Q: 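Next up is a structure, given as structure tokens.
No experiment lies behind these values; they were computed from the predicted model shown.
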Amino acid sequence: MSDQPRREPSTPPEGTYPPDHWSVRWHVPYFVRHRGRIHLVVARTSAGATAAPAGGLRVYREGETVSDHPGLVAGSTVDLLGRRWRVAHVEHRVHIVLDRVNPEGEARA
């Protein structure tokens, strides 16, 4: 499988990612509208040398990588397209589960 995601569709899908909880499936491209532009978010995972699996999120825009977030494990925080998220769970070859963090730094329930 190529490391590059497929090209953006000619008519981007409507909607945005969930407001408070997001299960980003492994190697499934998610189209996210941010500041009037379409971005593509792709999750990667690895079993790693440690007991806990790790993952990463990569954001593309117009075929170019605009941000890369490697080494995510449960408890990590990541700023992704204008929102802060806490990694709730990483499961190798399945998904990275994110919970949106409110301005006070606590994960939203």
Q: Taking all non-hydrogen atoms of both residues, which atom of Pro29 and which atom of Leu40 are closest, and how far apart?
A: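 Looks like CB-CD1, 3.4 Å.
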Q: Could you check whether Asp99 pairs with Arg86 (Lys NZ or Arg NE/NH1/NH2 to Asp/Glu carboxylate O, under 4.0 Å)?
A: no
Q: Do Val66 and Leu81 sit in the same hydrophobic cluster, where Ile, Leu, Val, Met, Phe, Trp and Tyr count as joined when their side-chain heavy atoms come under 4.5 Å apart?
A: yes
Q: Look only at the side chain of Tyr60 and the backbone of Ser67, and say whether a donor-acceptor pair between them is shorter than 3.5 Å.
A: no
Q: Parallel, tilted or perpendicular for His95 and His89, by the 30°/60° rule?
A: perpendicular
Q: Test Arg58 against Val41 for side-chain contact (heavy atoms from CB on, under 4.5 Å), laying out the working first.
A: CA-CA 6 Å; Arg58 186 170 287 167; Val41 178; over 6 Å; no
Q: Does the Ser23 side chain pair with the main chain of Val97, one donor and one acceptor, at a distance under 3.5 Å?
A: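 Pair absent, no side-chain N/O of Ser23 close to backbone of Val97.
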Q: Mind checking the CD-NE2 spacing from Glu62 to His39? Nearest 0.5 Å is all I need.
A: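 Rounded to the nearest 0.5 Å, the CD-NE2 separation comes to 8.5 Å.
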Q: Distance check, rounded to the nearest 0.5 Å: Trp26 atom CH2 versus His92 atom NE2?
A: 7.0 Å
Q: Start with the C-alpha distance between Val59 and Leu80, add both sets of side-chain angles, then the distance that settles side-chain contact (heavy atoms from CB on, under 4.5 Å), and finish with yes or no.
A: CA-CA 8 Å; Val59 180; Leu80 190 64; 3.4 Å; yes
Q: Trp85 pairs by side-chain contact (heavy atoms from CB on, under 4.5 Å) with which of Val78, Val101, Val24?
A: Val78
Q: On a heavy-atom basis, which atom in Val42 and which in His27 lie closest, and how many Å separate them?
A: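 Looks like CG1-CA, 4.1 Å.
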Q: Given Arg37 and Arg61, is the side-chain contact (heavy atoms from CB on, under 4.5 Å) satisfied, shown in steps?
A: CA-CA 8 Å; Arg37 300 181 83 178; Arg61 183 180 64 228; 3.4 Å; yes
Q: How long is the gap from CG on Asp20 to CZ on Arg100, to the nearest 0.5 Å?
A: 6.0 Å
Q: Could you please spell out the steps behind the side-chain contact (heavy atoms from CB on, under 4.5 Å) verdict for Ile96 and Leu57?
A: CA-CA 9 Å; Ile96 298 173; Leu57 296 168; 4.0 Å; yes
Q: Specify the closest pair of heavy atoms between Thr45 and Glu91, including all atoms of both residues, with the distance to one decimal.
A: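 Distance-wise, the nearest heavy atoms are CG2-O, 3.9 Å.
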Q: So which heavy atom on Ser76 is nearest to which on Gly71, and how close?
A: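 Where Ser76 meets Gly71 most closely, the heavy atoms are OG-O, 4.2 Å.
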Q: After noting the C-alpha distance and the side-chain angles of Asp68 and Arg44, does the key distance pass the salt bridge (charged side-chain N to carboxylate O under 4.0 Å, His left out) rule?
A: CA-CA 11 Å; Asp68 193 19; Arg44 303 173 321 277; 3.1 Å; yes
Q: Indicate yes or no: at least one non-hydrogen side-chain atom of Val73 is less than 4.5 angstrom from one of Val87.
A: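 Not in contact.
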Q: Using 30° and 60° as the class limits, which term best fits the ring planes of Tyr30 and Trp22: parallel, tilted or perpendicular?
A: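 Perpendicular.
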Q: By side-chain contact (heavy atoms from CB on, under 4.5 Å), which residues pair with Ala74, not counting sequence neighbours?
A: none
